[in-house]
Amino acid sequence: MREGGGGGHARTAALVRSCAIAAAKKGKRVAVVDAEADIGGVCVHTGTIPSKTFREAILHLTGYRNQSFYTGSSLARKTVTVKDIVNRVKAVIDKEHAIVSSQLLRNHIDIIPGHASFVDSNTVAIGKPWSHLPDRRARLNAMEGFSVTSDEKRRVTADKFLLSVGTRPARPGHIPFEAKQVFDSDEMLIDDWVIPRTLIVVGAGVIGMEYASMMNIIPGSRVYVVDQRPTQILPFADTEMVEALCHLMRQQGARFLLGETVSSCDVTVRSDGRETVTVELASGKVLFGDALLYAVGRQANTDSLNLSAIGLETDKRGLISVDDKFMTSVGHVYAAGDCIGFPALASVSGQQGRLVADYMFDDITDRVETQGDFPYGIYTVPELSFIGMSERELTAAQIPVEVGLASYAELAKSAMIGGSYGLLKLLFCPHTFRLLGASAIGEGATEIIHVAQTAMALNGTIDLFLTQVFNYPSYSEAFRVAALNGLGRVARGIGHQEVRRRIEHNRAAHAH
Ligand SMILES: Cc1cc2nc3c(=O)[nH]c(=O)nc-3n(C[C@H](O)[C@H](O)[C@H](O)COP(=O)(O)OP(=O)(O)OC[C@H]3O[C@@H](n4cnc5c(N)ncnc54)[C@H](O)[C@@H]3O)c2cc1C
Ligand SMILES: NC(=O)c1ccc[n+]([C@@H]2O[C@H](COP(=O)([O-])OP(=O)(O)OC[C@H]3O[C@@H](n4cnc5c(N)ncnc54)[C@H](O)[C@@H]3O)[C@@H](O)[C@H]2O)c1
């Protein structure tokens, strides 16, 4: 990057750290431009880290994990406040932000705060950072109608660009976001609202379900979850696990309204100064709540880049198309992360960033290719995680499959910690025993799924879990229990002797 000359030039956030550092290590001069004065993007400031900290704060403050230890009384706080939660979130954000900044600075990467917008194919104009605006709400509004040229501060030129401008919450006009008790997932992190007795969550996607399940465990609070999908929500997850999640949420007071959309939303201020939210659904049902979280998806920030100046187009959701090397239709411009769409995960984008640096400079000396599938971690309460093909996908593809199940009720570790619900499900080929997929729900699900990931990356068969000693007591021990359960099912058909023969065959094959 140069002001009037050229090298690698990256823009913004989570994946940028890995791309910028990889490019700097290749000897390139790199600058990161971010419209927020504090770099780190959605991952650090409004998405991954804050929402997971929000969850941990609620679990801690409500004493949720310890509830089985205290009957009638509890060490948990009587009242959980938004300030308590958000203070904790801010502390963790500050730490993460400091780490990202220092890593970039240590690698001599320039950080340029300001809104970037293309002037021509090698030049971006830098406007004021959004953070000069008074608060997050004003910034969100600015993202929608900002014109960089009106407050241009400087111009920067570069030979190569990485676009990773991410997404922002979709905010349709009929939702009164100006009310304090009506928010999107970014605004939940502003501590000017109060914990509602009834929260209406519109959108049962990953964001909606994570926040709905967290808020639902706060004593005295319950949630309505509204989604346009008529049947299964989170359709990419295992059906049984999603059903279990919804069942557990219902037991704590949640009510699901599926196949529904919002036709109007009104806010009235009561005599005590608190807001009441009234939502009318297209079906005619009316919901009354004390707050509304609107989480029906996200919209790419690419509209802020003036892409027409370089002849780059987006689809109707604002997403940029790239080839398998993350190159856009404009040769020196690459794009990655949420602004190219699926899978839109912080976990994946770090790896994307490293690969972009390799492809951009045609240098594969340090390349470590991603191998196999990536896992999904959905941080609901309880958490859900999965990898590989789901039972639904295997069935649709007519691939023979058997299941091995381990209920947390069978695990000493789970009993010690409080005995909350959990299940591990292994999907495997009944002929070869090869592991095809795995799903878990319950405490530690997002951790133990990595056992399945490693086994799958090595084309492992589930009998592998019988030959390994697991820590005891541990949640990972569920793999051994599930393998025994699965092979027991197969043995009922083909007999124990044939199962043993196939295990011996696999063991011999592993030895080679
Ligand atoms: C509530 C929530 C929870 C999440 N939880 C998880 C999780 O648990 N696990 C997981 O793996 N993923 C999670 N994600 C997804 C994850 O946060 C994203 O995949 C990741 O942050 C994407 O990184 P990115 O670099 O593509 O974009 P972003 O992190 O969105 O960064 C984009 C940056 O670009 C800047 N920008 C935009 N336009 C301009 C411009 N014109 N000029 C300069 N800068 C600009 C923005 O200020 C921002 O800093 C979550 C997301 C949300 C919203
Ligand atoms: N743990 C994680 O990995 C994690 C957590 C949060 C977010 N994320 C990322 O953020 C992305 C966005 O999440 P999201 O939850 O905003 O979007 P999403 O696309 O996952 O879910 C949106 C939901 O809203 C519903 N919907 C859409 N329009 C509607 C309407 N008008 N009325 C009612 N319902 C409507 C959809 O049917 C869908 O279920 C995810 O896809 C994921 O990539 C990941």
Side-chain angles (χ1 to χ4, degrees), residues 10-19 32-52 54-55 112-118 124 126-127 129-131 139 143 146 148 162-170 172 174-175 184-186 188-189 201-211 225-230 232-236 257-263 281-282 294-306 335-350 352-353 374-380 383-385 446:
R11 176 173 298 145
T12 71
L15 70 89
V16 150
R17 170 175 27 175
S18 57
C19 180
V32 172
V33 183
D34 199 310
E36 295 286 350
D38 291 337
I39 58 161
V42 164
C43 176
V44 172
H45 295 284
T46 53
T48 313
I49 301 289
S51 61
K52 268 76 263 183
F54 202 106
R55 177 181 187 273
I112 304 175
H115 178 127
S117 180
F118 279 100
V124 285
I126 314 284
W130 289 329
S131 33
R139 269 182 261 160
M143 279 189 217
F146 203 75
V148 76
L162 165 64
L163 309 180
S164 61
V165 290
T167 57
R168 60 181 182 267
H174 68 298
I175 305 297
D184 58 35
S185 60
D186 285 10
M188 279 194 91
L189 307 170
V201 176
V202 182
V206 192
I207 295 178
M209 285 298 282
E210 286 188 346
Y211 277 119
V225 183
V226 179
D227 199 287
Q228 66 183 4
R229 289 182 198 277
Q232 206 204 336
I233 53 175
L234 303 176
F236 43 89
L257 295 116
L258 301 186
E260 301 272 11
T261 52
V262 173
S263 51
L281 303 178
Y294 201 81
V296 301
R298 299 178 63 88
Q299 185 184 331
N301 289 326
T302 47
D303 49 359
S304 66
L305 284 169
N306 193 26
D338 287 10
C339 69
I340 63 167
F342 180 83
L345 293 174
S347 53
V348 173
S349 61
Q352 288 183 346
F374 54 85
Y376 269 91
I378 302 184
Y379 295 83
T380 39
E383 64 194 47
L384 262 180
S385 197
T446 54

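Values in this document were obtained by computation on a predicted structure and should not be read as measured data. Counting from 1, the numbers follow the sequence of the chain as shown. Start at 1 and go down the list; that is how both ligands and their atoms are numbered.
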Inset, instruction - For ligand 1, indicate whether the residue Lys52 contacts it via side chain, backbone, both or neither (heavy-atom separation under 4.0 Å). - result: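 Answer for Lys52: side chain.
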Legend entry - Structural part of Ala344 in contact with ligand 1, heavy atom criterion under 4.0 angstrom: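 Under 4.0 Å from ligand 1, Ala344 contributes backbone atoms alone.
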Please confirm whether [X] comes within less than 3.5 Å of ligand 1 when only nitrogen or oxygen atoms on both sides are compared.
{"X": "Ser347", "result": "yes"}
{"X": "Ala336", "result": "no"}
{"X": "Glu210", "result": "no"}
{"X": "Ser304", "result": "yes"}
{"X": "Ala116", "result": "yes"}

Quick check against the 3.5 Å criterion: does [X] have a side-chain atom that pairs as donor or acceptor with the backbone of [Y]?
{"X": "Asn301", "Y": "Val165", "result": "yes"}
{"X": "Arg229", "Y": "Leu258", "result": "no"}
{"X": "Thr167", "Y": "Ala300", "result": "no"}
{"X": "His45", "Y": "Ile39", "result": "yes"}
{"X": "His115", "Y": "Ser304", "result": "yes"}
{"X": "Gln352", "Y": "Gly337", "result": "yes"}

Legend entry - Winner among Asp338, Thr48, Ile39 once heavy atoms are compared against atom 18 (C) of ligand 1: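 The option holding the nearest heavy atom is Asp338.
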Legend entry - Option whose closest heavy atom lies nearest to atom 53 (C) of ligand 1, chosen from Arg298, His115, Glu383: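 Nearest heavy atom to atom 53 (C) of ligand 1 lies in Arg298.
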What atoms of ligand 1 come within less than 4.0 Å of a heavy atom belonging to [X]?
{"X": "Gly41", "value": "29 (O), 31 (O), 48 (C), 49 (O)"}
{"X": "Ile207", "value": "1 (C), 52 (C), 53 (C)"}
{"X": "Thr167", "value": "30 (O)"}
{"X": "Glu36", "value": "47 (O)"}
{"X": "Leu305", "value": "41 (N)"}
{"X": "Gly337", "value": "26 (O)"}
{"X": "Cys43", "value": "17 (O), 21 (O), 29 (O)"}
{"X": "Gly114", "value": "43 (C)"}

Drop me the distance from [X]'s [atom1] to [Y]'s [atom2], to the nearest 0.5 angstrom.
{"X": "Asp34", "Y": "Ser164", "atom1": "CG", "atom2": "OG", "answer": "8.5 Å"}
{"X": "Ile207", "Y": "Tyr294", "atom1": "CD1", "atom2": "OH", "answer": "13.0 Å"}
{"X": "Phe118", "Y": "Asn306", "atom1": "CZ", "atom2": "CG", "answer": "9.5 Å"}

Check if [X] has a non-hydrogen atom at a distance under 4.0 Å from any atom of ligand 1.
{"X": "Cys339", "answer": "no"}
{"X": "Arg168", "answer": "no"}
{"X": "Pro50", "answer": "no"}
{"X": "Ser117", "answer": "no"}

Inset, instruction - Could you verify whether a donor N or O on one side chain and an acceptor N or O on the other, from Glu383 and Thr446, lie under 3.5 Å apart? - result: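 Result is yes, a qualifying pair exists.
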Inset, instruction - Collect the protein residues that have a non-hydrogen atom under 4.0 Å from ligand 2 and hand them over in chain and number order. - result: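 Heavy-atom contacts below 4.0 Å: Lys52, Val202, Gly203, Ala204, Gly205, Val206, Ile207, Glu210, Asp227, Gln228, Arg229, Glu260, Thr261, Ala295, Val296, Gly297, Arg298, Pro343, Ala344, Leu345, Gly377, Ile378, Tyr379.
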Inset, instruction - Would you mind checking if Arg168 and Asp303 are paired as a salt bridge, meaning a charged N to carboxylate O distance below 4.0 Å? - result: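 The answer is yes: the pair qualifies as a salt bridge.
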Legend entry - Shortest non-hydrogen contact between Ala204 and Leu234, atoms and distance: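 It is O-CD2, 3.8 Å.
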Inset, instruction - Would you name the heavy atoms of Ile126 and Pro113 that are closest together and state the gap between them? - result: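 Closest approach of Ile126 to Pro113, heavy atoms only: CG2-O, 4.1 Å.
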Between [X] and [Y], is any pair of side-chain heavy atoms under 4.5 Å apart?
{"X": "Ser51", "Y": "Tyr211", "value": "yes"}
{"X": "Val225", "Y": "Leu257", "value": "no"}
{"X": "Ser185", "Y": "Arg298", "value": "yes"}

